[in-house]
Amino acid sequence: MKRNYANYILFMICSLLFFWSCMALANGMRGRRTQEAISAKVLRFHVIAKSDSADDQRRKLLVRDAVGEWLNEKLSGVEGREVYESFIMRHQKEIEALAKKTLEADGEPEQVTVQLADVDFPEKTYGDYSFPAGTYRALQIIIGEGTGHNWWCVLYPNLCFSGDGYDKTADKARVKLMNVLSAREYCSLLKHGDYKLDTKYLRFLKKNVLEY
C-alpha cells in the first residue's frame, strides 16, 4: 500500500515536471518567434567605444551625435527598413568619413569600421521598451578595437533622434513603432516590473494598440 502511494506521488511529481517543462519550452518558442518577428521589422543603431576609459566613452557619444544628426537630416520622411538599409549601404563610406573626421577634430584620429551587420544583442531596455535578446540587423560603428561599452537605439522606425535629442519614446515615437509592429509584438516590448502605466498612457494604449 505504502509502495503504491509512493509510486503515485512520484508519478504526479514527474507529470508536473513534464508539464512545466512543456510550458517552458512552449513559452521559449513563442518568445523566440516574437523576437524574430520584431527583428525582421526594425533596424538598430549601434556604436561601440574603443575602450571603457572616460575619454573613449565621451568620444563614442561625439560619433553618435555627428552620425545621428546626419542620418536624421538625410532620412527625414523616409519610410521602410529596406530603404534605410539601401541608403546606408550606398553611403557607408560617407558615414565612415564623418565618424573619422569627428574623432580627428576632437584631437586624435582613430580607425573606424562602419557596417550593416546581424548583431547578437542581450535583452536591452530602451525608454519604455524592453527588446528581447536575439539577433538584430544594425548599423554598427566600431571605434578602434571596439572593446568598450556600447550605445544603441532603434534607427527604424526612428526612435533614435529628432530635433530635440535622443531616446524618443514619446507618443509620436510610440505611434511609429506601432505602425511597424503588430499589436501583440508591440505589447510584448512594454516594460514590466517597476514600470507603471499611468491613466493617460492606458487611454493612449487602448486607443492606439488594443483597438489597432
Side-chain angles (χ1 to χ4, degrees), residues 35-127 129-169 173 176-177 180-181 189:
Q35 184 277 322
E36 289 169 357
I38 294 170
S39 174
K41 298 175 181 178
V42 304
L43 179 67
R44 293 166 77 152
F45 182 25
H46 191 216
V47 185
I48 308 175
K50 178 181 179 180
S51 76
D52 279 334
S53 73
D55 193 52
D56 283 341
Q57 288 293 312
R58 178 187 63 82
R59 283 160 62 83
K60 172 190 72 178
L61 298 181
L62 292 178
V63 171
R64 175 202 71 178
D65 291 345
V67 174
E69 290 174 8
W70 187 81
L71 288 172
N72 191 39
E73 177 184 348
K74 297 295 183 180
L75 293 170
S76 177
V78 173
E79 296 296 334
R81 195 185 92 165
E82 295 80 6
V83 181
Y84 267 61
E85 288 192 32
S86 178
F87 177 89
I88 290 166
M89 290 176 68
R90 293 197 311 272
H91 297 277
Q92 186 172 330
K93 292 297 182 182
E94 291 176 62
I95 297 171
E96 181 180 309
L98 176 57
K100 288 181 176 179
K101 180 180 178 181
T102 300
L103 294 170
E104 187 172 356
D106 188 54
E108 184 179 350
E110 188 60 71
Q111 179 62 38
V112 174
T113 302
V114 175
Q115 59 188 7
L116 271 172
D118 294 322
V119 182
D120 290 327
F121 286 92
E123 182 178 355
K124 292 276 190 175
T125 296
Y126 178 66
Y129 308 107
S130 287
F131 283 77
T135 303
Y136 293 83
R137 194 72 169 163
L139 165 59
Q140 190 174 59
I141 301 178
I142 305 170
I143 304 172
E145 295 81 7
T147 60
H149 279 82
N150 65 88
W151 177 91
W152 77 278
C153 71
V154 179
L155 181 58
Y156 180 80
N158 180 14
L159 307 184
C160 280
F161 36 73
S162 71
D164 299 324
Y166 290 87
D167 294 344
K168 308 311 292 180
T169 53
K176 288 181 180 180
L177 190 58
V180 170
L181 303 180
L189 296 180

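Numbering starts at 1 and runs along the sequence shown.
The two residues Tyr84 and Leu155 come nearest to each other via the heavy atoms CE2-O, 3.4 Å. Residue Val67 comes nearest to Ala99 through the heavy atom pair CG2-CB, 4.5 Å, listed as atom of the first residue, atom of the second, then distance. Scanning both residues, Thr135 and Ser39, for their nearest heavy atoms gives O-OG, 2.7 Å. The two residues Gln57 and Ala49 come nearest to each other via the heavy atoms NE2-CB, 3.3 Å. In this structure, Glu110 and Leu103 approach most closely via the heavy-atom pair CB-CD1, 3.7 Å. For the pair Gly80 and Tyr156, the tightest heavy-atom approach, listed with the atom from each and the gap, is N-OH, 3.1 Å.
Checked by atom type, the side-chain pair Ser51/Thr147 shows no donor-acceptor distance below 3.5 Å.
Proximity of a side-chain donor or acceptor of Gln92 to a complementary backbone N or O of Val114 within less than 3.5 Å is detected. Under a 3.5 Å cut-off, the side chain of Thr102 and the backbone N or O of Leu98 do form a donor-acceptor pair. Side-chain atoms of Tyr136 never come within 3.5 Å of backbone atoms of Phe131 as a donor-acceptor pair (strictly under, hydrogens ignored).
Scanning for side chain to side chain contact (heavy atoms under 4.5 Å, CB included) contacts around Glu85 gives Leu43, Arg81, Leu116, Arg137, with sequence neighbours left out.
Checked options Arg59, Lys101, Lys100; the residue passing with Asp106 is Arg59 (criterion: salt bridge (Lys or Arg N to Asp or Glu O under 4.0 Å)).
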I'd like to know whether Ile95 forms a side chain to side chain contact (heavy atoms under 4.5 Å, CB included) with Ile88, so could you lay out the CA-CA distance, the side-chain angles of the two residues, the decisive distance to 0.1 Å, and finally the verdict. CA-CA 8 Å; Ile95 297 171; Ile88 290 166; 4.3 Å; yes
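Between Phe87 and Trp70, the ring centre distance stays below 6.0 Å. Ring centers of Phe121 and His46: under 6.0 Å apart, within the cut-off.
Note: Cys160 SG to Arg44 CZ = 10.0 Å, rounded to the nearest 0.5 Å.
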